[in-house]
Amino acid sequence: MNRKKVREILCSGETGAEVLVKGWVRTKRSSKNVSFIALNDGSVIHNLQVVVDVNDFDESLLRDINTGAALAVRGVLMPSSGSGQKVELVAREIELLGPADPEKFPIQPKKHSLEFLRENAHLRFRTNTFGAIFRIRHAMAFAIHDYFNRHGFYYLHTPIITASDAEGAGQMFRVTTLDALKPPLTPEGNVDFSSDFFGRPTNLTVSGQLEGELGATALGEIYTFGPTFRAENSNTTRHLAEFWMIEPEMAFYDLKDTMDLAEDFLKFLIRYALDHCADDLTFLAGRLREEEKGKPAEQQSMDLIEKLKFVAENDFERLTYSGAVEILKNSNHYKKKKFQFPVEWGVDLQSEHERYLVERHFKKPVILIDYPKEIKAFYMKQNDDGKTVAAMDVLFPQIGEIIGGSQREENFDKLVARMEEMHIPVDELWWYLDTRRFGTVPHSGFGLGFERFILFITGMGNIRDVIAFPRTPKNAEF
RNA sequence: UCCCUAGUAGCUCAGUCGGUUAGAGCGGCGGACUGUUAAUCCGUAGGUCGUAGGUUCAAGUCCUACCUGGGGAGCCA
């Protein structure tokens with residue numbers, strides 16, 4: 001018999017047919033003659049109610065049907081006489097595919113703390129919350145490819161292992177096959193990387209951007225979507241050592257084109273989630289409401305779905321770094337000395353400043369551009385004022401910087417001069433500079449932190465809860 | 001890495017000023033129950049109080065160090 005997914009059954013709502021369903025038990029409720037099993041197969045957040053006449057089944061079988069057990073149930077779909085659901089499955093045959101010892105299975109039909117579930121990350125998919133998160137995560141990954149494909153971008157697979165450590169994006173993970181205890185040494189006593197696998201030191205990538213630019217200056221528009229690694233000792237709700245990043249890179253785009261793309265892209269993704277993940281979003285919105293019940297009214301955030309609609313329907317605020325500094329300096333917050341860190345032109349904005357702009361001043365996403373060149377990367381286009389670069393950060397409420405991007409410096413001489421100023425090894429990046437030597441063009445790109453975006457969409461507060469198996473300092477379990 | 005904070009039953013937590021035998025709800029188990037919705041009701045088992053030292057007649061409670069979790073900061077996506 002054809003197996004049906006719970007999603008299919010609940011969507012169609014048809015009754016009368018005999019079907020086969022397979023899934024995991026969420027709860028079982030029993031009385032003298034009848035048992036109700038809430039069965040979930042991951043296809044939707046909702047469970048299928050299986051009705052069991054206890055007189056028709058072996059007592060020991062029924063005893064083994066506990067939370068967590070896997071079942072195959074054959075039965076007839078009937079209109080439900082209970083109020084919680086329209087359709088239910090009246091069981092004729094039940095096969096216990098895999099029991100779950102109720103004394104040992106950690107996931108109970110009750111509210112668990114996110115910390116506890118994090119320690120049981122291998123089983124947390126079996127909860128409503130994480131089922132919803134990972135279905136949404138999938139939908140967003142799919143929508144990203146969909147968006148770029150529709151807009152003529154090519155998906156470029158940039159390398160995970162890189163020999164360049166010159167990107168200036170922080171600490172990297174070394175990739176080596178050398179014996180960590182007894183590495184071969186040079187006559188001077190240093191580690192001899194010439195006998196390593198690649199004949200030179202190599203690391204895990206911190207960004208696919210530089211290679212992305214090589215693709216964009218031939219294919220026109222490309223994007224990367226892959227894992228990214230930072231060996232920073234960051235312990236926050238917004239950082240991972242291994243995360244996924246989307247990096248589009250576009251030939252012939254200036255900064256304005258890039259802002260337009262970033263805004264349209266984010267809004268498309270949000271609308272996609274609203275259109276395709278309604279059940280899961282509704283659940284997460286309710287979860288969030290529940291979580292915030294205890295908080296004072298002014299600390300409560302907007303309803304999740306309202307927030308998503310608001311961002312999808314309103315223009316992002318665009319202003320320069322200099323303009324932002326002005327606003328901050330003129331704010332009452334500043335005058336009352338409520339900022340912990342100083343606000344001064346030339347100094348990078350702190351989290352508190354970004355949050356003030358986004359959450360209190362504009363109350364919507366903000367795109368900041370034209371940052372002082374001293375606080376930005378070497379490859380960013382130098383503006384005519386000689387002081388700023390054509391950089392762009394998209395700031396979201398709660399999350400902060402969700403996108404960082406820029407127009408790239410396409411002028412060979414200016415780029416090399418800046419690299420030398422910043423002590424970036426020019427000869428190691430000969431291949432990157434070749435794009436400026438041969439047929440150089442204005443071009444731009446940005447990076448979107450996938451997990452940070454999923455945080456925003458799901459309303460979750462900790463980045464470790466939107467990736468299946470988080471990698472953070474001192475944590476590589478599973 | 002820095003600052004703050006927490007660690008007591010499978011889970012979530014209470015445990016007063018240091019004082020006798022360590023408490024609850026949920027979950028588990030046993031039973032009851034005419035269709036339940038995280039069912040309900042009755043009963044029951046379950047603890048090296050994070051680890052190691054120290055103070056004290058006496059430590060879950062106070063002190064020190066370490067480990068682990070959480071929050072914030074920095075760095076950034």
Side-chain angles (χ1 to χ4, degrees), chain A residues 25-38 46-54 63 66-68 78-85 88 90 100-120 127-128 167-171 206-209 224-225 227-247 262 290 340-341 348-352 354-355 375-377 393-396 399-405 446-456 461-467 472-475 477:
Chain A
V25 176
R26 285 295 175 77
T27 61
K28 184 179 69 170
R29 299 176 287 274
S30 299
S31 60
K32 196 175 188 179
N33 297 309
V34 66
S35 273
F36 300 93
I37 300 166
H46 307 296
N47 303 321
L48 179 66
Q49 173 153 287
V50 177
V51 185
V52 181
D53 187 332
V54 299
R63 215 178 11 246
N66 300 304
T67 300
M78 301 287 280
S80 177
S81 44
S83 59
Q85 57 286 313
E88 63 192 15
V90 179
D101 184 343
E103 303 247 14
K104 292 181 183 146
F105 183 62
I107 311 296
Q108 302 164 3
K110 60 169 279 190
K111 187 172 163 45
H112 285 292
S113 68
L114 293 172
E115 292 83 359
F116 173 75
L117 292 170
R118 222 169 279 152
E119 285 165 17
N120 291 278
T127 63
N128 287 333
E167 291 159 31
Q171 289 291 108
V206 293
S207 164
Q209 180 199 318
T224 72
F225 186 177
T228 309
F229 306 88
R230 305 267 167 98
E232 299 285 356
N233 191 9
S234 296
N235 293 287
T236 79
T237 52
R238 304 179 304 283
H239 289 86
L240 292 165
E242 176 183 290
F243 64 100
W244 289 67
M245 189 153 64
I246 298 103
E247 294 180 289
E290 199 63 31
Q340 199 189 332
F341 292 92
D348 209 358
L349 299 177
Q350 303 288 320
S351 299
E352 59 173 352
E354 295 179 351
R355 291 189 67 151
I375 58 173
K376 288 292 182 184
D393 282 4
V394 181
L395 309 177
F396 264 34
I399 289 130
E401 185 181 341
I402 200 166
I403 278 180
F446 63 79
L448 168 68
F450 187 52
E451 283 79 15
R452 286 194 182 172
F453 181 69
I454 301 299
L455 275 183
F456 174 76
N462 192 318
I463 202 161
R464 294 162 203 159
D465 295 331
V466 297
I467 188 166
T472 52
K474 304 267 185 298
N475 182 9
E477 192 68 64

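In what follows, chains carry the letters A, B, and so on, assigned in the order in which the sequence lines appear, proteins first and then strands, with residues in each chain numbered from 1. The structure presented is a predicted model; accordingly, all values stated were derived computationally and were not measured.
Atom-to-atom distance recorded for A:Arg26:CZ and A:His46:NE2 is 12.0 Å, nearest 0.5 angstrom.
Atom CZ of A:Arg118 and atom P of B:U12 are 12 Å apart (whole Å). Rounding to whole angstrom units, CZ of residue A:Arg452 and P of B:C75 are separated by 12 Å. Protein atom CG of A:Asn475 is 11 Å distant from nucleotide atom P of B:U68, rounded to whole Å. Taking atom CZ of residue A:Phe116 and atom P of nucleotide B:C26, one finds them 18 Å apart after rounding to whole Å. For the pair A:Arg230 CZ and B:G74 P, the computed distance is 17 Å after rounding to whole Å. Between A:Ile375 atom CD1 and B:C76 atom P there is a gap of 9 Å when expressed in whole angstrom units. Atoms CZ (A:Phe396) and P (B:C76) sit 20 Å apart, rounded to a whole Å. For A:Ile463 and B:G70, the CD1 to P distance is 13 Å, given to the nearest whole Å.
Here A:Gly447 lies in heavy-atom contact (under 4.0 Å) with sugar-phosphate atoms only. Using a 4.0 Å heavy-atom cutoff across all strands shown, A:Pro106 reaches no nucleic acid atom at all. At the heavy-atom level, A:Glu247 lies nowhere under 4.0 Å from the strands shown. Counting non-hydrogen atoms under 4.0 angstrom, A:Lys111 reaches a base of the nucleic acid. Here A:Ser30 lies in heavy-atom contact (under 4.0 Å) with a base. A:Ser83 comes within contact range of at least one nucleobase, with a heavy-atom separation under 4.0 Å. Across all strands shown, A:Ile403 has heavy atoms under 4.0 Å from sugar-phosphate atoms exclusively, and none from any base. Nucleic acid contact class of A:Leu240 (heavy atoms, under 4.0 Å, all strands): base.
Base pairing annotation: B:U56 forms no Watson-Crick or G-U wobble pair, as no partner gives both donor-acceptor distances under 3.5 Å. Nucleotide B:U1 forms a pair with B:A73, judged by Watson-Crick or G-U wobble geometry with both contacts under 3.5 Å. For B:G25, the paired nucleotide is B:C11, the pair qualifying as Watson-Crick or G-U wobble because both relevant distances are below 3.5 Å. The pairing partner recorded for B:C66 is B:G50, the criterion being a Watson-Crick or G-U wobble arrangement whose two distances lie under 3.5 angstrom. Base-pair partner of B:U61: not found among the strands shown (Watson-Crick or G-U wobble, both distances under 3.5 Å). Pairing of B:A32, defined by two Watson-Crick or G-U wobble distances under 3.5 Å, is identified with B:U40.
One cannot find a donor-acceptor pair under 3.5 Å joining the base of B:G72 and the side-chain atoms of A:Glu352. In this model, a side-chain donor or acceptor of A:Gln85 finds a partner on the base of B:U36 within 3.5 Å. Checked by distance alone, A:Gln350 brings no side-chain donor or acceptor within 3.5 Å of a matching partner on the base of B:G74. For B:C75, its base sits under 3.5 Å from the side chain of A:Ser234 at one donor and acceptor pair at least. A donor-acceptor contact under 3.5 Å is formed by the side chain of A:Ser81 with the base of B:G35. The base of B:U1 lies close enough to the side chain of A:Asn235 for a donor and an acceptor atom to sit less than 3.5 Å apart. Side-chain atoms of A:His112 and base atoms of B:C11 include no donor and acceptor less than 3.5 Å apart. No donor-acceptor contact under 3.5 Å links the side chain of A:Arg29 to the base of B:C33.
Residues A:Ser80 and A:Gln49 share a closest heavy-atom pair of OG-NE2, 4.3 Å. Pairing each heavy atom of A:Lys32 with each of A:Val54, the nearest pair is O-CG2, 3.1 Å. Here the closest non-hydrogen pair linking A:Pro106 and A:Asn120 is CG-OD1, 3.8 Å.
One finds a side-chain N or O of A:Thr237 lying less than 4.0 angstrom from the OP1 or OP2 phosphate oxygen of B:G72. Using a 4.0 Å cut-off, no side-chain N or O of A:Ser351 falls inside it from OP1 or OP2 of B:G72. Considering only side-chain N and O atoms, A:Asn33 lies nowhere under 4.0 angstrom from the phosphate OP1 or OP2 of B:U34. In terms of phosphate contacts, A:Ser31 brings no side-chain nitrogen or oxygen within less than 4.0 Å of OP1 or OP2 of B:U34. Distances shown here put every side-chain N or O of A:Thr236 at or beyond 4.0 Å from the OP1 or OP2 atom of B:G71. Checking the phosphate oxygens (OP1, OP2) of B:G70, a side-chain nitrogen or oxygen of A:Arg464 falls inside 4.0 Å.
When the options A:Val466, A:Thr472, A:Asn475 are evaluated for a side-chain contact (heavy atoms from CB on, under 4.5 Å) with A:Leu240, the one that passes is A:Thr472.
Distance alone, capped at 3.5 Å, is enough to place a donor-acceptor pair between the A:Arg230 side chain and the A:Val206 backbone. A donor-acceptor pair under 3.5 Å links the side-chain atoms of A:Arg452 to the main chain of A:Glu401, judged by distance alone. A donor-acceptor distance shorter than 3.5 angstrom exists from the side chain of A:Glu352 to the backbone of A:Phe341, with no hydrogens or angles considered.
Distance noted for atom C1' between B:G31 and B:U68: 41 Å (whole Å). Here, B:C67 and B:U51 have their C1' atoms 7 Å apart, quoted to the whole Å. Comparing the C1' positions of B:G27 and B:G74 gives an interatomic distance of 42 Å, to the nearest angstrom.
Stacking between A:Phe36 and the base of B:A39 is absent under the criterion of ring centres within 5.5 Å and planes under 30 degrees.
Closest to the A:Glu88 side chain, of the nucleotides B:G70, B:C11, B:G35, is B:G35.
Position along RNA chain B of the nearest nucleotide to A:Thr67 versus A:Glu401 favours A:Thr67 as the more 5'-ward residue.
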